[in-house]
Amino acid sequence: MNIETKPPSFADDLFGPARIVPVLVPLPTERPYSYVVPEGMQVEPGSIVQVPLGPRQVAGVVWDEPDGGPPEATLDPKKLRPIVHAFDCPPLSADMRRFVDWVADYTLSPTGLVVRMALRAPSAFDPEPWIEGLALSGTRPTKLTAARERVLDVAGKSESWSRSGLAKAAGVTSSVVDGLAKLGAFNTVRIPPPPVVAAPDTGHERARLSAAQVAAAEPLKASVAAGGFSVTLLEGVTGSGKTEVYFEAVAAALDAGKQVLILLPEIALTQSFIDRFGQRFGTEPAQWHSDLPPKTRERVWRQVAEGRVRVVAGARSALFLPFRELGLLVVDEEHDPAYKQEDRTFYHARDMGVVRARIGGFPAVLASATPSLESRVNAKASRYAHLKLASRFREAALPDLELVDMRNHPPEKGRFVSPVLIAAIRDTVLRGEQALLFLNRRGYAPLTLCRSCGHRIQCADCSTWLVDHRLRGVLQCHHCGFARPRPQSCPECGTFDHMVACGPGVERIAEEMLETFPDARTILLSSDLVGGPKRLRRELDAVADGQADIVIGTQLVAKGHHFPKMTLVGAVDADLGLANGDPRAAERTFQLLHQVTGRAGRSGLASRGLIQTFQPEHPVMQAIASGSAERFYEREAAERERAGLPPFGRLAALIVSADTRREAEDHARALRRAAPPDDAVEVLGPAEAPLALVRGRHRFRLLVMGGRQARIQAFLRATLAEAPAPRGSVHVQVDIDPQSFL
DNA sequence: TGGCAGAAAAAC
DNA sequence: TTTTTCTGCCAC
């Protein structure tokens, strides 16, 4: 039985050669590496293991044997290195492993990089240590104060307590507990680490739903009860109570013993969502986002893997958490561009979420007031079920929407807010309510011009205009981040005091408001606010709390927060973004304006939305003013059909560098600038590029640039008979069929 | 020909 | 991602 003392060669003779398993390591590698399983170590596919990699050690995942057994050995099995350690951690589920493989394949990313996203919690792979707890010893101190009585009383209600938990439960400070401990009232015992969040209680406070909400919630609950893969698009105007509707599906999944993931755009992960969840389920959901403290991050990861955490509310990266029994996925604000990750591994969390649901065989719910065109099309084609909530919940009325034709109501010279909007702001502030001015442009002015020679200050690297950021005193490039101090004289002709700021940014609108309404409390909300996201969150809370009269904000004010006193919303330059060649320009503008005007009037007060535009006849403006999303979608569908475009679609570009990675990055930058923002531009090294080309799913066009490398040329000649013989660096544009993920 | 920086390849 | 190896270039 005990073979450990025998020499390994003897054991080999007896039991055959050492077991070799594939291990996927977190590197840009397409396939797992092979490692030897040491005698006596138990591993299975999904096990998380520590392996040597070159001179260092990394955590990897034991992967599945490829179909048809291991490929012929490329390495001498005798030279393979052994696994160092198998972590005491639940293995990644088979679903999760299939998901990682699928995402890698679909996004053309090395599998190792995708698995890395699932392992983003260093040192969560070993169990959390048990902590020291207290249990009543039975000895009662002679001197008993009221506080001490209470502690002993409460302590009797459970086997064991953590020091702070007991103090909190008894409503005393921990010094009272410490004092009792010193007198021998407790034995110390080892207790398991506390959960990061309490278990949700699905019966905590059942929501009182309107008839429309019930009508939407029932089919969702039914699809959860039925189990199996399905996708439902839940479309409801702002304030229609979508969240409460999908909470019913969440409750149903929890009652069925499943874990639930609610994806939110990063910015929407605010206290208001947490609070609403708390009201319904009596506890917070576990949160997952990029600025989680490392310790919390590890505990959440671990407890999700163990199944102790039942609900996660997270940003897109939460999709790669190691759920063991995920049974429902909700993607809130499914149209939000923040779901698309555009560095390293390119993926769209909403679409990959649908894939996760398909692989796991459970329902997905996509919720939005302004769904993306692709989800609309998928719903229309019956790939997704479609539920609509047409009216607002309870007394909350939709705002009166009005287009302000800027040709008829021009602002004063040097100003940007029309008299119509100024008057409305005045009324609003006088009533003690709040006004929101929305302008999707950071900084003070998008262009600085020399009135003497006409020079426009441009970025040294990108030749785009530098944006004047007056609060920080710099001119900054919004493409590459290049910044320079604001010059006193023209850098071209040297003339002093002739530099003039052109066009509005939020800082400039704030200045205009301060001048027009010097007594009002004006607050500026922008993502580049000094003080970072923490300060921003505070400011948003302050606005919600009524501590401002006039709020000026970029698109970050469009979502998440509920501002009860906000009864006027003005879009300063609604046309912005319509003319930039982005194939999603109309869609994005519509979504943004619809959302931002929806900030008004959710509390029963009469409210208005004023949209400043130079083209009130534009279909997007007409759709916005009508308050009907339907109108926009129909219009857009007809437009695309007439233009011979697919109903929706994304364009990606792969850039194959023949020369150097650096050169490829340069090309990529150039292409990103030239291409509409929604295009994904991916850079591949020579080794990865051919792989991308031969994957059958894509159609591509070739654009041949200058360069040298023969290997790629030969490959391309052989692979793409119809392509012109490339002379070096190759740009490959790839149309990804956006429906192929189903 | 040794030394060096920057680029490319390898990591099992 | 980190570490090692390769390559071209220069000075000696």
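Here is the naming used below: chain letters follow the sequence lines, and residue numbers restart at 1 for every chain. Quantities reported herein were computed from a predicted structural model and do not represent experimental measurements.
- Taking side-chain N and O atoms only, Arg56(A) has no distance below 4.0 Å to OP1 or OP2 of dT3(C).
- As rounded to whole Å, 11 Å separates atom C1' of dT1(C) from atom OH of Tyr33(A).
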Sequence neighbours left out, cut at 3.5 Å: what donor-acceptor pairs do the side chains of residues 83-95 of chain A make with other protein atoms?
from     : atom 1 : to       : atom 2 : distance (Å)
Ser93(A) : OG     : Met96(A) : N      : 3.1

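- One finds a side-chain N or O of Arg81(A) lying less than 4.0 angstrom from the OP1 or OP2 phosphate oxygen of dC12(B).
- Distance CZ (Arg31(A)) to P (dC12(B)): 11 Å, rounded to an integer number of Å.
- For Trp130(A) against Pro192(A), the heavy-atom pair with the smallest separation is CE3-N, 3.4 Å.
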Would you be so kind as to tabulate the donor-acceptor pairs closer than 3.5 Å made by side chains of residues 45-52 of chain A, with sequence neighbours excluded?
from     : atom 1 : to       : atom 2 : distance (Å)
Ser47(A) : OG     : Glu44(A) : N      : 2.9
Ser47(A) : OG     : Glu44(A) : O      : 2.9
Gln50(A) : NE2    : Gln57(A) : OE1    : 3.3

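- More than 12 non-hydrogen atoms from other residues, nucleotides or ligands lie less than 6.0 angstrom from CZ of Arg472(A).
- Out of dT1(C), dC12(B), dT4(C), the shortest distance to the side chain of Pro28(A) is found at dT1(C).
- A cation-pi arrangement is absent between Arg358(A) and Phe229(A) under the rule of less than 6.0 angstrom and at most 45 degrees off the ring axis.
- If you measure from atom CG of Leu24(A) to atom P of dA11(B), you get 16 Å, rounded to the nearest angstrom.
- Within residues 44-54 of chain A, the residues approached by DNA chain B to less than 4.0 Å at the level of any non-hydrogen atom are Pro52(A), Leu53(A), Gly54(A), in residue-number order.
- Counting non-hydrogen atoms under 4.0 angstrom, Leu27(A) reaches a base of the nucleic acid.
- Contact check on Glu325(A) versus Lys258(A) returns no salt bridge, with no Lys/Arg side-chain nitrogen under 4.0 Å from an Asp/Glu carboxylate oxygen.
- Atoms CD (Gln57(A)) and P (dA11(B)) sit 17 Å apart, rounded to a whole Å.
- Leu113(A) places its CG atom 13 Å from the C1' atom of dT2(C), with the value rounded to the nearest Å.
- Residue Arg116(A) contributes atom CZ, which lies 12 Å from atom C1' of dT2(C) at whole-angstrom precision.
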